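Everything numeric in this text was worked out from a predicted model, so none of it was measured.
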Amino acid sequence: MTPTLEQIEALAATHFLEVLGGFDPGPDEEGFPEGTRSLLLLGPKEPGFWVHFTAQPEWDGRPDPMDRWSLRAVGEIAAALGATALMPFGGPPWHPFFRWALRTGRAWQSPVRLLVHESQGLMVSIRGALALRETVAVPAGVNPCIGCPAPCLTACPVGALTADGFDVPACHAFLDTPGGRGCLEGGCLVRRSCPVSQRYARLPEQSAYHMRQFHK
């Protein structure tokens with residue numbers, strides 16, 4: 001029996017995950033498990049994700065708790081559906097999650113080249129994918145960057161993240177200064193400047209965690 005999108009969403013919600021988008025690979029397309037008819041991307045469901053995640057056994061002080069939890073949670077969802085779990089870590093080889101996200105029609109490349117999602121903005125985070133043997137349609141969305149004044153282009157105090165790309169050394173250098181504390185404790189100012197990000201209920205604690213992982 002082919003699962004409905006609503007059934008998959010309900011199953012994902014038990015792990016505080018949601019379907020961020022999906023697409024149907026071609027019948028002879030390489031890079032997918034044999035028999036894949038639909039690929040669905042999963043990401044944190046708000047509100048409530050961070051409180052749920054930090055109560056899980058993987059939040060144990062050992063390295064890579066988010067990846068270890070994602071492997072278990074997405075794996076359990078896939079097993080219940082008879083699907084295959086694909087992860088954005090653990091390579092090589094690496095799965096092209098950025099390109100996959102663009103194919104869903106619910107995520108786009110933003111003016112600062114980061115992925116932007118119709119409901120999560122620049123805070124979008126993909127924790128895994130489901131390769132299904134059944135076709136499950138996921139509606140496309142509307143690019144939120146259309147008509148947006150693009151505050152992301154000027155939000156970085158040191159111009160580390162612009163339309164020209166990401167100057168990683170400049171970002172790290174700024175984070176080492178007192179002025180960088182706001183980014184470390186509340187999340188990247190560029191990501192936070194996105195109007196869609198501001199409507200997305202991600203807690204600053206989660207953004208701070210990801211910033212600490214980035215700025216090790």
Side-chain angles (χ1 to χ4, degrees), residues 1-59 64-91 93-109 115-121 123-144 196 199-203 206:
M1 179 178 176
T2 300
T4 66
L5 178 60
E6 291 74 20
Q7 289 170 330
I8 296 172
E9 288 276 26
L11 183 59
T14 64
H15 295 279
F16 279 83
L17 291 169
E18 65 175 323
V19 176
L20 298 179
F23 63 92
D24 299 340
D28 300 318
E29 193 170 348
E30 296 182 354
F32 301 92
E34 185 177 355
T36 299
R37 300 285 297 277
S38 288
L39 189 86
L40 306 185
L41 304 183
L42 299 177
K45 180 178 178 62
E46 301 289 2
F49 173 79
W50 189 247
V51 173
H52 171 79
F53 167 68
T54 54
Q56 300 306 301
E58 289 80 7
W59 188 251
D64 304 317
M66 184 74 77
D67 288 352
R68 288 187 284 118
W69 172 83
S70 298
L71 193 61
R72 176 174 64 84
V74 177
E76 290 178 2
I77 297 168
L81 295 168
T84 300
L86 303 175
M87 311 308 294
F89 51 84
W94 306 98
H95 297 298
F97 271 81
F98 191 97
R99 188 165 72 244
W100 286 352
L102 297 180
R103 289 183 66 177
T104 69
R106 295 179 71 179
W108 299 265
Q109 181 171 279
L115 197 67
V116 60
H117 187 266
E118 65 167 349
S119 64
Q120 298 190 0
M123 293 295 186
V124 61
S125 171
I126 302 171
R127 298 314 316 160
L130 301 172
L132 295 152
R133 291 180 173 273
E134 304 85 9
T135 299
V136 178
V138 182
V142 178
N143 187 343
V196 181
R199 298 193 296 268
Y200 180 54
R202 178 160 135 173
L203 292 178
Q206 181 180 348

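- What you find for A78 and T84 is that their closest heavy atoms are CB-C, 4.0 Å.
- With rounding to the nearest 0.5 Å, the separation of CG in L203 from CH2 in W50 is 9.0 Å.
- Going from atom NZ of K45 over to atom CG of L20 covers 10.5 Å, rounded to the nearest 0.5 Å.
- Looking at F89 and S70, their side chains come closer than 4.5 Å, going by heavy atoms from C-beta outward.
- Between L81 and L132 the shortest side-chain heavy-atom distance falls below 4.5 Å.
- Nearest approach of P47 to F16, heavy atoms of both residues: O-CE2, 3.6 Å.
- Residues L86 and L39 form a side-chain contact, since some pair of their non-hydrogen atoms from C-beta on lies under 4.5 Å apart.
- The shortest non-hydrogen separation linking A12 to L42 is CB-CD2, 4.3 Å.
- Using bins of under 30°, 30° to 60° and over 60° for the plane-to-plane angle, the ring pair F23/W100 lands in the tilted bin.
- Ion pairing of R202 with E46 is absent here, as no side-chain N (NZ or NE/NH1/NH2) approaches a carboxylate O to less than 4.0 Å.
- Across all non-hydrogen atoms, the minimal contact from T135 to T2 is O-CG2, 3.8 Å.
- For the atom pair T14 OG1 and I77 CD1, the distance stands at 6.0 Å (nearest 0.5 Å).
- H117 and P144 make their closest contact through O-CG, 4.0 Å (heavy atoms, listed as atom of the first residue, atom of the second, distance).
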Would L130 and V74 count as a side chain to side chain contact (heavy atoms under 4.5 Å, CB included) here? Give the steps.
CA-CA 8 Å; L130 301 172; V74 177; 4.1 Å; yes
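- A salt bridge links R103 to E29: one of the charged nitrogens lies within less than 4.0 Å of a carboxylate oxygen.
- With rounding to the nearest 0.5 Å, the separation of CG in L71 from CD in E76 is 10.0 Å.
- Across all their heavy atoms, I126 and P88 have their closest contact at O-CG, 3.6 Å.
- The shortest distance between side-chain heavy atoms of H52 and W69 falls below 4.5 Å.
- Under the 3.5 Å distance criterion, the side-chain polar atoms of Q120 are left unmatched by any main-chain donor or acceptor of Y200.
- Between L102 and L115 the shortest side-chain heavy-atom distance falls below 4.5 Å.
- Counting only heavy atoms from C-beta outward, the side chains of L41 and R127 never approach each other to under 4.5 Å.
- The aromatic rings of F53 and F49 sit parallel to each other, their planes meeting at less than 30°, with 60° as the upper class boundary.
- Inter-residue side-chain proximity for P57 and R72 is flagged as met; some heavy-atom pair is nearer than 4.5 Å.
- Within the 4.5 Å cutoff, the side chain of Q206 has no heavy atoms near those of the M123 side chain.
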